[in-house]
Amino acid sequence: MRVSQIYAPTLREVPAEAELVSHQYMLRAGLMRRAASGVYSYLPLGVRVLQKIMNIIREELNRAGGQEILLPIIQPAELWHESGRWNEYGEEMFRLTDRHQREFCLGPTHEEIVTALVRADVRSYKQLPLMLYQIQNKYRDEIRPRFGVIRSREFIMKDLYSFDRDEEGLDKSYQAMYDAYSRIFSRCGLDTRPVEADTGAIGGDNSHEFMVLGDAGEDLIVYCQDCDYAANVERAECAPFEAEEGSWQSLEEIPTPNVTTIEKLVELLEIDASRLIKTMIYLADDKPIAALVSGNNNINEIKLKKVLQCDTLVLADAGTIEAVTGAPVGFAGPVGLEIPIIADYSVSGLVNAVAGANKADTHIANVNINRDYIPTKIADIREAKAGDKCVRCGGTFTSARGTEVGQVFKLGTKYSKALKANFLDENGKEQPIVMGCYGIGVSRTMAAIIEQHHDEDGICWPISVAPFHVIIVPVSYKDEEQRAAAEKLYEELNAAGIEVILDDRNERPGVKFKDADLIGYPYRITIGPKQLQDGNAELFIRSSKTKVVVPLSEIVQHIKSLLNR
RNA sequence: CGGGGCGUGGCGCAGUUUGGCUAGCGCGCCUGCCUUGGGAGCAGGAGGCCGGAGGUUCAAAUCCUCUCGCCCCGACCA
């Protein structure tokens, strides 16, 4: 390929729409352009990178026993009704109606359609296990698309579905995918960390997310300093607290005018936030409940929702809070409440704690569990944070931000039961297929790679995903000797099967260097008068910004050995 | 959906508060000359119904109303 021919317009200035480095470089280097909010077109260089990533994925999944298929983007509503997700999925699903008023959606995910596919043809245990995957566009009408391709409304995803006869088979498939994912991301040059994860709208029992750690990440994870426990905070379990020692003292009202926040209360009473009971009023399926957590912790609504087994959970409005507690917002407490109370472990062990008094401008001290209030349930409902004790080993949690590039789920029989995907076992007995599903955000992976591999001049692609391996830059393409040498080398590298691009533009060298740095080709060969007269060229290594002089006759061999490393 | 900000040539912006000449600047683009080891120089040129619609006015990029789009924070989310 020649730079004069390729459609890769680079931008000198940073487009105002991009905030994240990866987003800026993807636009500036001419990898993609925005078509609408959260919708992008990929240009030739971007496509080359995507294809590299997809091919790595294919190789590893095929090796693990996967077979590639291609499922439709447009999916009929009936299947989603069967699984119950037509209503469950909500606003995030793009829906459309055809001319006959039949309803469809643009697939946000493909469990329904693949399960329907398999149920039609899989009859016997002899056809299992089965692993099918596709690399396909997905559509989710995100409330707020952001960070370029990292949170977009149309994105490329690899999704694989495993079908097994039993849990044991599922465990094997799950492990095979877990291992394949580790290899895939490592081959892409990504440093990822698998963490335990919540299963969200997909459902299922067990799940890991593969996180790319970095400040730009949208997710918060905690991991233990002493053992290998790591989890998304959505999921991370918290260890129960030990009950405090001490004798119960009598309740005592404290006037606290306008003290409606934990911070103000800590300041006023000069006690630690952990001694306070934070009382949050929620509407669970429209019925009020109280959730208690200590003042230095936050409620994890996902956990709370699971404990309550409700479909919807929202913070109560001021009116409800007043009606339920008899006090304005900021003075709620468990004492005297007539609604269900869920207490976190962080409050269940407190002795002589401080809580709201359910009375304006008043708090109450020496609150004790089972004497002053009786919780409906004591459970783990708080959000894990750095400094907390690890549930597994008692070590200490550290937190980090991360971007999820892949997730593996054990679905079990959720979809096979709903969609009646059954098989006959050896005894001729009908059984639901045991499923797993495994996703990789392909377009997002490209952005994540840039996040981990860039500097102030541009992208530094890992060789495995670079759009081209080598760029040849003659200092002056017009100079006959340089051009001849560059063209000769170009042919030789091409013949050797090395992916090479020749900058044949009549530009000044600085322009060509800047573009090469921005796009991030791993190797640049500069052909200039200085070295050429000695039969040499200069090899520039993008990632380390180092230069070596190599005889023209040895360049092909030299590059080959670098690529094979 | 709540809060904030922005739409002026391909990109980045000024001009809008206080309406008034022909709508400007930098970069990019085209032609020619010149130049060639880190985004050169000179000369000439193309390209904009100022996001859209309606209104106020002698006069609107500028004021008013409506509308569309984009970005950021939040809630939500694989």
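All chains are named by letter (A, B, ...) in the order of the sequence lines, taking the proteins before the strands, and each is independently numbered beginning at 1.
- When the P atom is compared between B:C6 and B:C29, the two are found 31 Å apart, to the nearest whole Å.
- A 3.5 Å limit on both hydrogen-bonding distances identifies no Watson-Crick or G-U partner for B:A46.
- Residues A:Leu170 and A:Ser162 meet the side-chain proximity criterion, which asks for heavy atoms closer than 4.5 Å.
- Atom P of B:C27 sits at a distance of 33 Å from the matching atom of B:G19, rounded to the whole Å.
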Side chain to side chain donor-acceptor pair (under 3.5 Å) evaluation trace for A:Glu111 with A:Tyr415: CA-CA 7 Å; A:Glu111 283 81 13; A:Tyr415 294 94; 4.8 Å; no
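- When the P atom is used for both B:G7 and B:G51, the distance is 8 Å, rounded to whole Å.
- Side-chain contact, A:Ser207 with A:Gln407: a donor N or O sits under 3.5 Å from an acceptor N or O.
- By the salt bridge (Lys or Arg N to Asp or Glu O under 4.0 Å) test, A:Lys512 is found to be paired with no residue, residues two or more places apart in sequence or in another chain being considered.
- Where A:Pro509 and A:Ala35 each meet RNA chain B at their nearest nucleotide, the meeting point lying more 5' is that of A:Pro509.
- Spacing between atom CG of A:Leu27 and atom C1' of B:G28 amounts to 16 Å, rounded to whole angstrom units.
- Within the shown strands, nothing qualifies as a pairing partner of B:C34 under the Watson-Crick or G-U definition with both distances less than 3.5 Å.
- Annotation: B:G3 and B:U67 have their P atoms spaced 15 Å apart (nearest Å).
- Pair assignment for B:G7 gives B:C68, based on Watson-Crick or G-U wobble hydrogen-bonding distances that are each under 3.5 Å.
- Between A:Arg34 and A:Arg524, the residue whose closest nucleotide on RNA chain B is further toward the 5' end is A:Arg524.
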Could you pull out the protein-nucleic contacts involving nucleotides 3-11 of chain B (nitrogen or oxygen on both sides, under 3.5 Å)?
| from | atom 1 | to | atom 2 | distance (Å) |
| --- | --- | --- | --- | --- |
| B:C11 | O2 | A:Glu13 | OE2 | 3.3 |

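- Annotation for A:Lys545: atom NZ counts as buried by contact number, over 12 foreign heavy atoms lying within 6.0 Å.
- Looking at A:His454, its side chain does come within 3.5 Å of a backbone N or O of A:Glu451 through a donor-acceptor pair.
- Base pairing annotation: B:C1 forms a Watson-Crick or G-U wobble pair with B:G74, both donor-acceptor distances under 3.5 Å.
- You'll find the side chain of A:Thr10 stays beyond 4.5 Å of the side chain of A:Arg28, heavy atoms only.
- Nucleotide B:A40 forms no Watson-Crick or G-U wobble pair with any nucleotide shown, as no partner meets the under 3.5 Å limit on both distances.
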